[in-house]
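Working notes for the structure below.
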Amino acid sequence: MFTKQGPTVRELAVQALSSTERGYDLLAPKFDETPYRTPDRVLDAVTRAVRELGPFDTGLDVCCGTGAGVGVLRQLCRERAVGVDFSAGMLAEARAAFPPGSGGPPVHWVRADARSLPFAPAFDLALSFGAFGHFLPAERFGLFAEVYGSLRPGGQFVFPLGAPPPVGSRAYWSLFGFDAAMRVRNALWRPRFVMYYRTFRLGDVLEDLTQAGFVVRLLPLTELGLRPDGSPRARLVVATREGQGVSGGS
């Protein structure tokens, strides 16, 4: 976090005392130098798994940030990729990372809140990486409903979901401590900065996806490792809007 390329302690403090949107505007120029960016090994594992579900013509990266997920879509979609985010700063970095004429299908960038997506049912594939902690549990169903409404019949919404750390482990207490600190911060300071690690539980997520109209299945991402009991450390959630197959012919 505190390398010459990454944000300083002071910059992180200013970000943490800002709103979620303003905080990411401030962090955007150095975001890809932080651990918050989705690791390439996760992006690559998802790309390989999702390729087996296609082909796809059009793709949407929900809460695209600096565009890591759009890079995945450019490998999977034949006609068009769209990144949507509410942070102007993050979108500016994403545009710079994928200039016109840099190869792959055309990319379009849209500034919008994922809780109110401005799209008709136009996409064969939607994905998201690392953004769900910015939505409170009460907002999750509405978010999923917005994605559902942006997909064509037969379209698929995919995202990786890691297994929770063992209770009592160092990772468990680290996430517990972070969420507790954020709850105290948001109780005492305005505007709120919404970022929680322990609110996106698999059972709740599956229920909300189903209520939004999706048919859901889980695919193991075994190349990301196994837990001591042999279960995968991460799974790919595949939520399908049932109906006629997507235009790509899957």
For this session: Treating Ile, Leu, Val, Met, Phe, Trp and Tyr as nodes and any side-chain heavy-atom pair under 4.5 angstrom as an edge, say whether V110 and L117 lie in one connected cluster.
Result: yes

Exercise. Side chains of W109 and C64: closer than 4.5 Å at any heavy-atom pair?
Worked result: yes

For this session: Look at the side-chain heavy atoms of Ile, Leu, Val, Met, Phe, Trp and Tyr, link any pair under 4.5 Å apart, and say whether V72 and V70 land in one connected group.
Result: no

Exercise. Would you call R80 and P105 a side-chain contact if the rule is heavy atoms closer than 4.5 Å?
Worked result: no

Exercise. What is the minimum heavy-atom distance between G67 and F98, and which atoms define it?
Worked result: O-CE1, 3.3 Å

Exercise. Do Y148 and F214 have ring centres separated by under 6.0 Å?
Worked result: yes

Seminar exercise, completed: CZ (R235) and CG (L161) are apart, to the nearest 0.5 Å, by 8.5 Å

Seminar exercise, completed: Sequence neighbours excluded, the answer for side-chain hydrogen bond (donor to acceptor under 3.5 Å, both in side chains) partners of E207 is Q211

For this session: Check the pair V215 / T210 against side-chain contact (heavy atoms from CB on, under 4.5 Å), numbers first and verdict last.
Result: CA-CA 6 Å; V215 175; T210 301; over 6 Å; no

Exercise. Looking at Q156, R78, R152, which one forms a side chain to side chain contact (heavy atoms under 4.5 Å, CB included) with D124?
Worked result: R152

Exercise. When rounded to the nearest 0.5 angstrom, what is the spacing between CD in Q75 and CG in L43?
Worked result: 9.0 Å

Exercise. Are any side-chain N or O atoms of S116 and backbone N or O atoms of D113, one a donor and one an acceptor, separated by less than 3.5 Å?
Worked result: no

For this session: Identify the two heavy atoms, one from L151 and one from P121, that lie closest to each other, and give their separation to 0.1 Å.
Result: O-CB, 3.3 Å

Exercise. Would you say the side chain of L53 lies within less than 4.5 Å of the side chain of L219, judging by non-hydrogen atoms?
Worked result: yes

Exercise. Any ion pair linking E146 and R115 (charged N to carboxylate O, less than 4.0 Å)?
Worked result: no

Problem set entry | Rounded distance (nearest 0.5 Å) linking atom CG of D44 with atom CG of L221 | 12.0 Å

Exercise. Do L127 and V62 come within less than 4.5 Å of each other through their side chains, counting heavy atoms only?
Worked result: no

Exercise. Is the number of heavy atoms from other residues, nucleotides or ligands within 6.0 Å of CZ (R10) greater than 12?
Worked result: no

Problem set entry | From CG (D179) to OG1 (T199), nearest 0.5 Å | 7.0 Å

Exercise. Which pair of heavy atoms, one from T34 and one from F31, lies closest together, and at what distance?
Worked result: OG1-O, 2.8 Å

Exercise. Got a salt bridge between E223 and R41, using NZ or NE/NH1/NH2 to carboxylate O under 4.0 Å?
Worked result: no

Problem set entry | Stepwise side-chain contact (heavy atoms from CB on, under 4.5 Å) test for F132 and V205 | CA-CA 10 Å; F132 297 122; V205 169; over 6 Å; no

Problem set entry | Common cluster, V107/M90, ILVMFWY with side-chain heavy-atom separation under 4.5 Å | no

Seminar exercise, completed: Closest non-hydrogen atoms of T8 and E11, given as atom of the first, atom of the second and distance, are N-OE1, 2.8 Å

Exercise. Is there a donor-acceptor pair closer than 3.5 Å between any side-chain N or O of S174 and the backbone N or O of R170?
Worked result: no

For this session: Give a yes or no on whether the backbone of A122 and the side-chain of T58 come within a donor-acceptor separation of less than 3.5 Å.
Result: yes

Exercise. Is there a path of hydrophobic side-chain contacts, each under 4.5 Å between heavy atoms of I, L, V, M, F, W or Y residues, that connects L202 with F135?
Worked result: yes

Problem set entry | Atom of G23, atom of S18 and distance for their closest heavy-atom approach | N-CB, 3.8 Å

For this session: Say whether, by atom type as modelled, one donor and one acceptor occur between the side chain of R233 and the main chain of G225 under 3.5 angstrom.
Result: no

Seminar exercise, completed: Here the gap from R185 atom CZ to L17 atom CG, rounded to the nearest 0.5 Å, amounts to 6.0 Å

Exercise. Looking only at heavy atoms, which two atoms of C63 and A114 are closest? And how far apart?
Worked result: SG-CB, 3.8 Å

For this session: State whether the side chain of H108 and the backbone N or O of V82 hold a donor-acceptor pair below 3.5 Å, judged by distance alone.
Result: no

Problem set entry | Same apolar cluster (I L V M F W Y, side chains within < 4.5 Å links), L26/M182 | no

Exercise. Donor-acceptor pair, D57 side chain versus E79 backbone, under 3.5 Å?
Worked result: no

For this session: Under the side-chain contact (heavy atoms from CB on, under 4.5 Å) rule, what do L125 and L60 come out as? Steps first, then yes or no, please.
Result: CA-CA 6 Å; L125 174 66; L60 174 67; over 6 Å; no

Exercise. Are R183 and Y196 in a cation-pi contact, defined as NZ or CZ under 6.0 Å from the six-membered ring centre and within 45° of the axis?
Worked result: yes

Problem set entry | Euclidean distance, F200 CZ relative to D208 CG, rounded to 0.5 Å | 8.5 Å

Exercise. How about V50 and L236: do any of their side-chain heavy atoms sit closer than 4.5 Å?
Worked result: yes

Exercise. Any side-chain heavy atom of V238 sitting closer than 4.5 Å to one from L218?
Worked result: no

Problem set entry | T20/M195 under side-chain contact (heavy atoms from CB on, under 4.5 Å): CA gap, chis, key distance, verdict | CA-CA 8 Å; T20 313; M195 179 64 217; over 6 Å; no

For this session: Determine whether more than 12 heavy atoms belonging to other residues, nucleotides or ligands lie under 6.0 Å from atom CZ of R51.
Result: yes

Problem set entry | Near-ring test F157/F159, centroid separation under 6.0 angstrom | yes

Problem set entry | Side-chain touch R198/Y172, heavy atoms, less than 4.5 angstrom | yes

Exercise. Is the side chain of S231 donor-acceptor paired with the backbone N or O of R227 at a distance under 3.5 Å, no angle test?
Worked result: no

For this session: Give a yes or no answer on whether the side chain of R192 reaches the backbone of W189 with a donor-acceptor pair at less than 3.5 Å.
Result: no

For this session: For the pair D85 and S87, evaluate side chain to side chain donor-acceptor pair (under 3.5 Å) and give the outcome as yes or no after the intermediate values.
Result: CA-CA 6 Å; D85 202 282; S87 167; 4.6 Å; no

For this session: Could you tell me whether the side chain of W173 reaches within less than 4.5 Å of the side chain of F176, counting heavy atoms only?
Result: yes

Exercise. Judged by atom type as modelled, is there a donor-acceptor pair below 3.5 Å linking the side chain of D25 to the main-chain atoms of G89?
Worked result: yes

